[in-house]
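Remember, it's a predicted structure, so these values are computed and weren't measured experimentally. In what follows, chains carry the letters A, B, and so on, assigned in the order in which the sequence lines appear, proteins first and then strands, with residues in each chain numbered from 1.
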2 protein chains.
Amino acid sequence: MKLFHEYRNPSLAIDLVVFGYHDNTLSVLLLNRKEEPFKDCWTLPGGFLQMEETFLDTCSRILQTKLGMNEVFLEQLYSFDDPGRDPRGRVIAVGYYALINPAKFKIVAGSMANDVKWFNVRKLPVLGFDHKHIFKAALQRLKSKILYHPVGFELLDELFTITELHELYECILHTTLDRRNFRRKILDAEYVINTGMKREGLKNRHPELYRFNKHLKKNNFQINVPTES
Amino acid sequence: MKLFHEYRNPSLAIDLVVFGYHDNTLSVLLLNRKEEPFKDCWTLPGGFLQMEETFLDTCSRILQTKLGMNEVFLEQLYSFDDPGRDPRGRVIAVGYYALINPAKFKIVAGSMANDVKWFNVRKLPVLGFDHKHIFKAALQRLKSKILYHPVGFELLDELFTITELHELYECILHTTLDRRNFRRKILDAEYVINTGMKREGLKNRHPELYRFNKHLKKNNFQINVPTES
DNA sequence: GGTTGTTTGCGTCAATATAACGTGAAGTAA
DNA sequence: TTACTTCACGTTATATTGACGCAAACAACC
């Protein structure tokens with residue numbers, strides 16, 4: 001009996017949409033390719049699945065070797081099958097997105113890349129492959145996800161103020177949310193725990209510092225986006 | 001340069017969770033395998049992705065040759081990467097789920113299967129591979145999806161009564177929903193259009209027949225599931 | 001032809017959730 | 001002390017929801 005891998009199979013790549021939040025800006029990590037195809041173009045970090053790897057293994061390897069980071073929030077996004085998505089041949093891509101706190105990592109351009117840089121998600125350059133498409137799916141997923149699930153804290157420091165969380169939501173959702181109603185929902189849902197400490201050194205009143213409530217019963221809140229009209 | 005497909009790559013399979021609704025029962029289509037592995041076991045219909053196929057091409061081929069059906073609602077579910085999921089070797093599975101109206105198709109067991117049968121989703125036999133896992137993900141997705149998106153009509157005839165739609169929701173969500181509140185939400189959302197016709201031949205009052213409103217602005221309604229307590 | 005039992009379609013109402021906005025305390029800078 | 005800003009907590013009008021009531025429509029029966 002012929003072994004499966006002796007048949008012709010499409011290649012299987014993992015592409016990562018790595019989100020980071022800093023200075024009130026949601027960014028995505030892009031990598032400038034050193035080699036064809038799309039040499040000198042910006043693309044999402046990615047890599048091929050090795051025979052013995054799980055998807056998460058591949059994600060970790062990419063994060064580790066290309067970006068020098070580990071232990072981050074990862075979620076599978078979607079699998080992309082456009083036959084023309086890679087000029088080298090048939091490559092299926094499994095998209096994942098990651099949420100990281102840029103403060104915790106020093107980004108390193110691996111040997112494969114000219115450069116690695118954070119880009120504001122609203123000001124992306126042209127991307128190689130079908131990566132614009134993958135990116136859009138990831139951003140849409142993130143926007144939907146934070147409405148119902150407490151993932152915002154993945155992008156913040158361990159201690160944060162309600163205002164900081166509020167600004168993060170406004171930034172990701174790209175809209176304004178009433179400050180006072182937002183606060184009430186987050187507090188009522190027990191999304192966060194008051195540490196009693198305050199953020200010092202600010203110009204005005206010192207806000208209280210919170211940490212994420214890890215024992216949150218899930219789906220406990222819902223943020224509503226104002227209807228555009 | 002070595003071509004991609006000359007490297008060792010995992011195989012790529014598509015597995016389908018085909019939902020059907022009939023006699024107030026939500027069912028899933030299973031196939032009894034004629035060959036090893038899992039000979040004589042029930043599994044989801046599936047097949048390997050061919051080099052030139054898109055995922056949807058493969059889905060169509062499976063639906064056509066194994067089940068004799070076409071033109072159905074299909075949505076990508078998730079991709080499954082457990083290294084042990086197929087005893088023959090490394091096989092990645094991309095899961096899709098389909099919603100079909102069993103009344104519209106005559107199911108045929110293709111040459112590869114001993115038998116093809118509908119199973120009540122609450123009374124499944126043991127499944128081969130990791131198909132129980134894939135099935136659970138599909139059922140969960142369906143349960144979440146119908147709360148916000150008008151997909152219920154995919155499982156019904158073109159003309160249906162509000163009561164029939166209501167029973168479908170209760171069946172899928174496996175809970176009870178207040179009949180009158182359900183009706184109000186569905187009508188307010190303009191999910192359906194009154195045809196003016198009535199379903200004849202029933203024992204009691206003849207209910208009005210509706211058809212799905214194809215021009216529905218999406219995400220216009222939300223069905224709430226009673227909190228279990 | 002009236003009675004009975006069931007389903008259907010429409011309403012009511014109290015409880016809850018939401019959106020919009022007010023206000024005074026806490027803090028820095030002058 | 002004053003001016004200015006942010007923070008924390010309220011208030012109120014409106015909208016939505018959940019839990020029911022009820023009468024018309026229909027078949028079956030006496």
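- For B/Gln222 and D/dA15, the CD to P distance is 18 Å, given to the nearest whole Å.
- The salt bridge (charged side-chain N to carboxylate O under 4.0 Å, His left out) test with A/Glu158 is passed by exactly one of A/Arg211, A/Lys104, A/Lys214: A/Arg211.
- The shortest distance between side-chain heavy atoms of B/Phe80 and B/His133 falls below 4.5 Å.
- As rounded to whole Å, 11 Å separates atom C1' of D/dA25 from atom CD of B/Glu208.
- Each of D/dG21, D/dA27, D/dG18 was ranked by its minimum atom distance to the side chain of B/Arg180; first place goes to D/dG21.
- Where A/Arg179 and A/Gly201 each meet DNA chain C at their nearest nucleotide, the meeting point lying more 5' is that of A/Arg179.
- Using modelled atom types and a 3.5 Å distance limit, the side chains of B/Asp57 and B/Thr54 yield a donor-acceptor pair.
- In summary, A/Asp157 and A/Arg199 do not engage in a salt bridge, as defined by a charged side-chain N under 4.0 Å from a carboxylate O.
- Between A/Tyr191 and A/Phe212, the angle of the ring planes goes over 60°, which puts this pair in the perpendicular group of the 30/60° scheme.
- At whole-Å resolution of the value, CG in B/Leu187 and P in C/dT8 are 14 Å apart.
- Within a 6.0 Å radius of NE2 in B/His22, other residues, nucleotides and ligands contribute 12 heavy atoms or fewer.
- With hydrogens and angles left out, the side chain of B/Arg184 and the base of D/dG18 share a donor-acceptor pair within 3.5 Å.
- Here the side chains of B/Arg179 and B/Glu167 are not in contact, with every heavy-atom distance at 4.5 Å or above.
- For the residue pair A/Asp115/A/Asn32, the side-chain donor-acceptor check at 3.5 Å is not satisfied.
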Quick one: which protein N/O atoms are closer than 3.5 Å to N/O atoms of nucleotides 2-4 of chain D? Pair and distance per line, please.
none

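- Nucleotides of DNA chain D nearest to B/Asp178 and A/Asn181 differ in position, and the one nearer the 5' end is that of A/Asn181.
- Contact check, B/His206 against C/dG9: no side-chain N or O comes under 4.0 Å of OP1 or OP2.
- Rounded to whole Å, atom P of D/dT17 lies 12 Å from atom CZ of B/Phe221.
- Remark: the B/Glu208 side chain and the B/Asn194 side chain contain an N/O donor-acceptor pair separated by less than 3.5 Å.
- Taking every side-chain heavy atom of B/Pro207 into account, C/dG9 is the closest of C/dG9, C/dG27, D/dG18.
- Between A/Leu202 atom CG and C/dA26 atom P there is a gap of 17 Å when expressed in whole angstrom units.
- Residues from residues 155-171 of chain B with heavy atoms under 4.0 angstrom of DNA chain C, sorted by number: B/Thr163.
- Closest to the side chain of A/Arg183, out of D/dC9, C/dG27, C/dC13, is D/dC9.
- Of the candidate nucleotides D/dG18, C/dG9, D/dC7, D/dC7 has the atom nearest to the side chain of A/Arg205.
- Regarding A/Tyr210, its OH atom lies at a distance of 8 Å from the C1' atom of D/dA8, rounded to whole Å.
- Atom CD in B/Glu200 sits about 14 Å away from atom P in C/dT8, given to the nearest Å.
- For the side-chain hydrogen bond (donor to acceptor under 3.5 Å, both in side chains) condition, the pairs that include at least one residue of residues 69-82 of chain A, sequence neighbours left out, are A/Glu75-A/Tyr97, A/Glu75-A/Arg141, A/Glu75-A/Lys145, A/Gln76-A/Tyr96, A/Ser79-B/Ser79.
- When rounded to the nearest whole Å, the span between CZ of A/Phe182 and P of D/dA8 equals 13 Å.
- Close to C/dA29, at under 4.0 Å from its OP1 or OP2, lies no side-chain N or O of A/Lys203.
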